[in-house]
Protein chains: 2
Amino acid sequence: MASLKIPATIPLPEEDSEQLYKAFKEWGTNEGMIISILAHRNAAQRSFIRAVYAANYNKDLLKELDRELSGDFERAVMLWTLDPTERDAYLANESTKMFTKNIWVLVEIACTRPSLEFFKAKQAYHARYKTSLEEDVAYHTSGDVQKLLVPLVSTFRYDGNADEVNVKLARSEAKTLHKKITEKAYTDEDLIRILTTRSKAQINATLNHFKDKFGSSINKFLKEDSNDDYVQLLKTAIKCLTYPEKYFEKVLRRAINKMGTDEWALTRVVTTRAEVDMERIKEEYLRRNSVPLDRAIAQDTSGDYKDMLLALLGHDHA
Amino acid sequence: MASLKIPATIPLPEEDSEQLYKAFKEWGTNEGMIISILAHRNAAQRSFIRAVYAANYNKDLLKELDRELSGDFERAVMLWTLDPTERDAYLANESTKMFTKNIWVLVEIACTRPSLEFFKAKQAYHARYKTSLEEDVAYHTSGDVQKLLVPLVSTFRYDGNADEVNVKLARSEAKTLHKKITEKAYTDEDLIRILTTRSKAQINATLNHFKDKFGSSINKFLKEDSNDDYVQLLKTAIKCLTYPEKYFEKVLRRAINKMGTDEWALTRVVTTRAEVDMERIKEEYLRRNSVPLDRAIAQDTSGDYKDMLLALLGHDHA
């Protein structure tokens, strides 16, 4: 359930390109025009516009945006305009470089994308950075974090579905997880193996058995140790694998409720989810905060940046 | 340099299918006909024949082969007829099931295939077994072997080339490898990280620096501990990553020189390499054994099985 709104009649990419070209040419740049076009086109349409722009004006649209825009607005437009797999590659690479702050982004990308999409992001990573995501993550981490993060970004998970769940296995692995967690053996190889290699459907069944048998969710069991960075990471991975919309709601809540908005996280979540599950995230946000997400964002942001985010959230007129 | 020989004029897949259909119908099956067709068609052509056979006779060619043939000959024809990625998925799955004996096969597949081909084999694995290779390998291993094998089968390596090698990194990682190996810290996380995540080009540069700086190859350093199963595995991975044709020569040498041929290994290597680098492997075999590979195989095998292998090795007439 994407929040993105696309007009009933889409202009030709040639027309969109021409409008963008004119918007850059105007004295001071016509930001409204940029939003009204790019924030209302899906990934395939944006990619088409980029190709036509390059062919007709012999210029890279992304470089034009980079030159003409600035600040949070620039980041939002740039991230949005990128192809989703290129964008994931970009965000993941950025995270490996500024490691401690952004390790969550790697978990988020590895655990919330469907397997094939995540693989395509890894291909985009090869093409752009001439290294693999795996080697960059492994190189920049160590110890417990490495033990969990490297398999998370490496495994090509089976997508699976509810029909293919192995119930017996779910029961036995739920017991294994409970045993390890009550022993506080959070870096145990079986615990990491289960969470990093099983399909999401299988993990979901395992964690449902866990809850049925042991009375609380696995993350409740982990809660008391939640000051530990590694345990936080483990909880994040579990949440991303099982309830991505709740995970994203929390990231948004923290980004907005902070003293000083965390635009970095806000931009990332809005641009990466607008075409995927933003409507579900908005539902979760409203339920948890009793305020609609668009209103919360409108109160915390301003100018073109605000207009861009609201357009991606589904406002018709930026 | 494939050894496979394809006739200058290829019959239509309809004609091949008809000949195969007739070969199955004959009293006692016409094995010669099966070899003369399938062992002289490349992967795309075989795949086409399978599709046409299914369309025209409403039967799965692989099932027909399974019913009509038997023993080593059957395994050779079956493995050969499979699409290379399906074949790798099949061999890898077989290995996870009969683990201790066949762990080498997993290392071989993970380390000798180009990254994208190995990925496609993992996709074929999902489709056929409704699990991931990663979860099956992780589930069936433990301890040191798991530490090395799981990242080997998980990483989507950057292919890389000599121009993209980071020389400074190669120097520093050569030192790291030397330090860990002289300390006999064979399961050290940095050592495993380097071998399981770096591109083959980068690993090659690192091991060249290793040899230049420390006077012997890394596998020479590992030799004294080569009775250890884990160290054997490590040496196998290094050999597969850097000199696949030497690795395959050794597998063939051992398969043939044994008391009682190891048909299981012989069939695997011939069917998986005939379309890839068998000419290079034949060169290595001749250099190392002073006997041509085809002669050695002819002396050790017989009947249709022998004819099939020799056809794949490049003999015109089976």
Side-chain angles (χ1 to χ4, degrees), chain A residues 110 115-116 118-147 149-161 163-166 169 172-173 176 188-203, chain B residues 110 115-116 118-147 149-161 163-166 169 172-173 176 188-203:
Chain A
S115 287
L116 193 59
F118 182 46
F119 172 74
K120 286 179 184 164
K122 294 206 243 179
Q123 281 188 300
Y125 198 102
H126 284 199
R128 185 160 182 159
Y129 303 107
K130 308 292 173 199
T131 57
S132 67
L133 175 60
E134 288 89 333
E135 71 186 298
D136 286 349
V137 171
Y139 188 58
H140 289 100
T141 54
S142 61
D144 292 348
V145 167
Q146 189 184 55
K147 273 184 209 160
L149 198 57
V150 173
L152 273 183
V153 302
S154 301
T155 307
F156 177 54
R157 273 182 214 273
Y158 178 56
D159 269 325
N161 61 51
D163 293 341
E164 291 164 358
V165 162
N166 181 331
L169 189 70
S172 90
E173 295 196 334
T176 304
D188 174 82
E189 64 186 30
D190 277 327
L191 181 148
I192 289 178
R193 173 185 61 74
I194 293 166
L195 296 174
T196 60
T197 69
R198 293 301 185 196
S199 74
K200 290 179 193 178
Q202 186 67 37
I203 288 175
Chain B
S115 288
L116 193 59
F118 182 46
F119 172 74
K120 286 179 184 163
K122 293 206 244 179
Q123 281 189 300
Y125 198 102
H126 285 199
R128 184 162 182 157
Y129 303 107
K130 308 291 172 201
T131 56
S132 67
L133 175 61
E134 288 89 333
E135 71 185 298
D136 287 348
V137 171
Y139 188 57
H140 289 101
T141 54
S142 62
D144 291 349
V145 166
Q146 190 185 55
K147 272 185 210 159
L149 198 57
V150 173
L152 273 183
V153 302
S154 300
T155 306
F156 177 54
R157 270 182 216 272
Y158 178 55
D159 269 325
N161 61 51
D163 294 342
E164 290 163 359
V165 162
N166 181 333
L169 189 70
S172 90
E173 295 195 335
T176 304
D188 174 81
E189 65 186 30
D190 276 328
L191 181 146
I192 289 177
R193 173 185 62 73
I194 293 165
L195 296 174
T196 60
T197 69
R198 293 301 185 196
S199 74
K200 290 179 193 179
Q202 185 67 37
I203 289 175

Visitor: Measure distances from B/Y139 to the heavy atoms of chain A and classify the residue's part below 4.5 Å as side chain, backbone, both or neither.
Guide: both
Visitor: Tell me if the aromatic rings of A/F119 and B/F156 count as close, with their centers under 6.0 Å from one another.
Guide: yes
Visitor: Within this structure, what is the NZ-CG distance for the pair B/K130 and A/N161, rounded to the nearest 0.5 Å?
Guide: 8.0 Å
Visitor: Could you tell me which portion of A/T131 (side chain, backbone, both or neither) has an atom closer than 4.5 angstrom to a non-hydrogen atom of chain B?
Guide: backbone
Visitor: Please look at B/L169 and chain A and tell me whether the side chain, the backbone, both or neither of the residue comes under 4.5 angstrom of a heavy atom of that chain.
Guide: side chain
Visitor: For B/Q202, is it the side chain, the backbone, both, or neither that has a heavy atom closer than 4.5 Å to a heavy atom of chain A?
Guide: neither
Visitor: What part of B/T196 gets within 4.5 angstrom of chain A, counting heavy atoms only: side chain, backbone, both, or neither?
Guide: neither
Visitor: Which heavy atom of A/A138 sits nearest to which heavy atom of B/T197, and what is that distance?
Guide: CB-CG2, 4.1 Å
Visitor: Measure distances from A/L116 to the heavy atoms of chain B and classify the residue's part below 4.5 Å as side chain, backbone, both or neither.
Guide: side chain
Visitor: If we define contacts as heavy-atom pairs under 4.5 Å, which of A/S154, A/S115, A/G160 has the most with chain B?
Guide: A/S154
Visitor: Is there a side-chain contact between B/E134 and A/Y158 in this structure, where contact means two heavy atoms from C-beta onward sitting under 4.5 Å apart?
Guide: no
Visitor: Most heavy-atom pairs under 4.5 angstrom with chain A, which of B/Q146, B/K122, B/E189, B/E164?
Guide: B/E189
Visitor: Which atom names give the shortest non-hydrogen contact between A/R198 and B/E135, and what distance separates them?
Guide: NH1-OE1, 2.8 Å
Visitor: Select one option (side chain, backbone, both, neither) describing which atoms of B/R193 are under 4.5 Å from chain A's heavy atoms.
Guide: side chain
